[in-house]
There are 2 protein chains.
Amino acid sequence: MATAEPRFTRNQPDVRRRKLIEATAQCLAEFGHAGTSVRAVAAKAKVSPGLVAHHFQGIDDLIVATYDHVGRRVAEALGEAMEAAPKDAESQLRAFIEASFKPPVLDRDLLAIWLSFWSLVRRDPGVRKVHKKVYTDYRCRLEALIADIARARRFKIDAHLAALGFTAMLDGLWLELCLDPTIFSREDALRIAHAWVDDLIAGGFRALALRPR
Amino acid sequence: MATAEPRFTRNQPDVRRRKLIEATAQCLAEFGHAGTSVRAVAAKAKVSPGLVAHHFQGIDDLIVATYDHVGRRVAEALGEAMEAAPKDAESQLRAFIEASFKPPVLDRDLLAIWLSFWSLVRRDPGVRKVHKKVYTDYRCRLEALIADIARARRFKIDAHLAALGFTAMLDGLWLELCLDPTIFSREDALRIAHAWVDDLIAGGFRALALRPR
DNA sequence: TCCGTTATTATACAGTTGTACAACAAGCAG
DNA sequence: CTGCTTGTTGTACAACTGTATAATAACGGA
C-alpha cells in the first residue's frame, strides 16, 4: 500500500508563529478588528483553531505580535530607502518622506493593523510598552537627522520638539490618506512634508529654540 | 391598593436615542471596541437589549451615531473657545490650539470612540461619507484662518495645503498624547503647535505658495 | 375613563466566540 | 526499525453574539 499523504506538516515553532502572524495581518486587512478571531486566523492559515492557542496566549497577543512584525518591516522599508539615498541629512530626510508615502508604508492594510493595535494600547501595559518603543525609535531617527541639519547650517533648534511635530504631521497625513485617499492626494502629502523640510532648512521654527530641553 | 411603580418609562425616540448614544460612548471608553456589543450598551443604559435594535440598525450604526454626536460636541468646544478669543485670525488660531489640547477634546475616552469609528470607515461607504464631512468641515475652519493671516500679512501661501499639514500635525499630536501621555506632554504639544503658527506668521512655508491650487 | 399607539420588555434562536482537552501523528534521535 | 518528543488535530463546552418575535404596558388624546 502506498504511503498515505501526511495529514499535516510539522513546523518549527517560530516558523509556525510567523505564518500565523501573516494570516492575522491578512484577516485584519480583510475583515477588520471585529472579524479577526482565533478561528478566522486559523482558517486563513489553514490550520486547526486549537493551534493558535498553542502558540499564542490569545487573539490580542497575536495582534501585538503582528504589530511588532509589520512594524519591523515598515522600519526596514524606511531604512532601505534611506540607505539608497545620499548620506547628507537633508537627502536622508527627504528619502524618509518619499518612502513614507508609497507602498508598503502607505497601505490601507497597514492602517487596519495599526488601528487594532492602538485599540489595545489603553488596557494592556505590555502593549503600551511595545508602542512606546516602536514610536520612540521611529521618532529618534528623525530627531537625529533634524539635529544634523541644524548643526550643519549653524542654527539652534530643539530637535526633540521639532521631531515630535514632524512625526505627528507625517502620521496625521499618513492616517488620513489611508483612511480616505480621495480627500487629498499622495502628492499633496509629499509637497506638505517637503515644504516642512524646506522651512526647517531656511531656519524656520525659531521659536522651538527658545527653551531648549 | 397603591399604584404600582412603573416597570419602565417611555421616552421620545430622539431622547432614548441620545441616551443610548451616551451609553455607547461609555462602553467604548470602558471596554473598547471589542467589548461594545448591543447587550453591553443596553446594560449600560439600563434597558433591554431589544430596545437597541428598535432604535438603531445595529451596533455599527450606533457607533456612527456616537461619532456624529461627540464629533458635534468637539466642534462646539472648539467653537466656543474661538468665540471667547479676540476676533483676529491669529488669536482664533491660537485659541483653537489651546482648546485642542485640553479636555474635553484631549480625552482618552474620545480616542476610543475615534478608533472604533476609523475602523468602520473602510468597509462602510456611509461611514466614509460622515468621516469626509466631519474632517473637511474641521479643516476648512483652519484653512480660512490661515488664508486670513496670509492676506493680512500680505504673503502668498497655499492655504489649502497649509491647513492639511497643520491639521495632520494637530491630529498626530492629539493621537499620540491620548494613546500615551508619558511620551511627551501637553505643554510640548502646545509649544510645537504655537511654533508652527509663529513660523506661518513669519512668512514660513514659502514653498507652499509656488503652485497655488 | 377608556382606547389606541408604540415604546419597551422578555424570550427564543442560530451562529460565533475563546478555551480546554485528549487523541493523534510527524519527524528526529538512537 | 523503534521510541519519544511535541506540534497538531478535532471536538466539546459554556458564554456570548446579533436578530426576530410576541406579549406587555406606559402615556397621550378623546
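Please read all numbers here as calculations on a predicted model, not as lab measurements. Per chain, numbering begins at 1; letters A, B, ... match sequence-line order.
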- Task: Output the single nucleotide from dG27(C), dG18(D), dC27(D) whose closest atom is nearest the side chain of Ile59(B).
- Result: dG18(D)

- Closest non-hydrogen atom pair between Ala42(A) and Val52(A), with its separation: CB-CG2, 4.0 Å

Under a 4.0 Å N-O cut-off, is there an ion pair linking [X] with [Y]?
| X | Y | value |
| --- | --- | --- |
| Asp137(A) | Arg141(A) | no |
| Glu187(B) | Arg191(B) | no |
| Arg139(A) | Glu143(A) | yes |
| Arg94(B) | Asp198(B) | yes |

- Task: Name every residue in residues 28-56 of chain B that has at least one heavy atom under 4.0 Å from any atom of DNA chain C, in order of residue number, or write none if there are no such residues.
- Result: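 Of all residues in residues 28-56 of chain B, the ones placing a heavy atom under 4.0 Å from DNA chain C are Arg39(B), Val47(B), Ser48(B), Gly50(B), Leu51(B), His54(B), His55(B).
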
- Item | Residues in contact with DNA chain C, drawn from residues 113-124 of chain A - heavy-atom cutoff 4.0 Å |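 Here the set is empty: none.
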
- Please confirm whether Trp114(B) and Tyr67(B) have ring centers closer than 6.0 angstrom.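 Under 6.0 Å, so yes.
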
Interatomic distance where [atom1] belongs to [X] and [atom2] belongs to [N] [whole Å]:
| X | N | atom1 | atom2 | result |
| --- | --- | --- | --- | --- |
| Lys19(A) | dT8(D) | NZ | P | 8 Å |
| Asp14(B) | dA7(C) | CG | C1' | 13 Å |
| Gln12(A) | dT5(D) | CD | C1' | 12 Å |
| Ile63(A) | dG18(C) | CD1 | P | 10 Å |

- Arg72(A) atom CZ, over 12 foreign heavy atoms within 6.0 Å: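 No, not enclosed.
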
- Message: When you measure from the side-chain N and O atoms of Arg16(B) to the phosphate of dT8(C), is any distance below 4.0 Å, counting only OP1 and OP2?
- Response: yes

- Verdict with reasoning, Asp171(B) to Tyr135(B), per side-chain hydrogen bond (donor to acceptor under 3.5 Å, both in side chains): CA-CA 11 Å; Asp171(B) 286 353; Tyr135(B) 179 76; 4.9 Å; no

